[in-house]
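Read the structure below first, then the notes.
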Amino acid sequence: MARVKARKEGIVLHSRQAVEAWMRGLPHTEVLTGEARFVAPATIEVNGRQITDPRIFLNVGGCSVRLDLQGIDEVPMHTVECRPPTA
């Protein structure tokens, strides 16, 4: 099983690196790595640097949850539907 997991990890790493290289080559796009948080509307802070833009894409590598907050439906948001892993 260790060999299967190692193979899977290698495939995932290759895929992640290829996607990151592709994104770094996109015009008008900056790829940042680190811990990010929203500090104001349309403003995030990553590694102490604040960035303001009307369109910010965060790839967190997880599943999103749309909270039941007043006015949330008025904010455009793209989410990924997560499914439990299959055996």
Side-chain angles (χ1 to χ4, degrees):
M1 193 62 167
R3 287 181 53 203
V4 171
K5 185 176 182 205
R7 181 174 183 268
K8 187 264 309 179
E9 293 296 328
I11 292 168
V12 169
L13 177 63
H14 175 73
S15 175
R16 189 175 69 230
Q17 290 172 336
V19 169
E20 183 177 333
W22 168 74
M23 289 179 67
R24 288 185 184 280
L26 293 173
H28 314 294
T29 301
E30 184 175 1
V31 176
L32 303 171
T33 58
E35 199 168 299
R37 67 186 183 107
F38 280 94
V39 294
T43 302
I44 61 169
E45 183 177 284
V46 182
N47 303 327
R49 177 179 166 201
Q50 288 195 3
I51 300 143
T52 301
D53 197 278
R55 295 186 337 176
I56 296 172
F57 175 79
L58 298 176
N59 184 358
V60 298
C63 298
S64 59
V65 175
R66 193 166 182 103
L67 301 175
D68 186 18
L69 299 173
Q70 181 180 356
I72 193 79
D73 292 327
E74 299 170 22
V75 178
M77 184 173 159
H78 175 75
T79 62
V80 176
E81 186 177 318
C82 294
R83 295 184 180 98
T86 58

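Because the structure is a prediction, the values reported are computed rather than measured. Here, residue 1 is the first one in the sequence, and each next residue gets the next number.
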Minimal non-hydrogen separation, Ala42 against Pro54, with atom names: CB-CA, 4.4 Å
Exercise: identify the closest heavy-atom pair between Ile56 and Ile51: CD1-O, 4.3 Å
Can you list, by chain and residue number, the hydrophobic cluster partners of Met1 when the side-chain cut-off is 4.5 Å? Val4
CA sep, side-chain torsions, deciding dist, call: Val75, Asp73, side chain to side chain contact (heavy atoms under 4.5 Å, CB included): CA-CA 6 Å; Val75 178; Asp73 292 327; over 6 Å; no
Does Ile11 have any side-chain contact (heavy atoms from CB on, under 4.5 Å) partners at least two apart in sequence or in another chain, and if so, which? Arg7
Selection residues 32-41 - residue pairs positive for salt bridge (Lys or Arg N to Asp or Glu O under 4.0 Å), sequence neighbours left out: Arg37-Glu45
For Thr43, the side-chain contact (heavy atoms from CB on, under 4.5 Å) test, sequence neighbours excluded, returns Val39, Ala40, Gln50, Thr52
Return a table of donor-acceptor pairs under 3.5 angstrom between the side chains of residues 24-33 and protein atoms on other chains or two or more places apart.
from, atom 1, to, atom 2, distance (Å)
Arg24, NE, Glu20, OE2, 2.9
Arg24, NH1, Val31, O, 3.4
Arg24, NH2, Glu20, OE2, 2.8
Thr29, OG1, Pro27, O, 3.1
Glu30, OE1, Arg49, NH2, 3.2
Glu30, OE2, Arg49, NH1, 2.8
Glu30, OE2, Arg49, NH2, 3.3

Contacts of Asp53 meeting salt bridge (charged side-chain N to carboxylate O under 4.0 Å, His left out) (sequence neighbours excluded), chain-then-number -> none
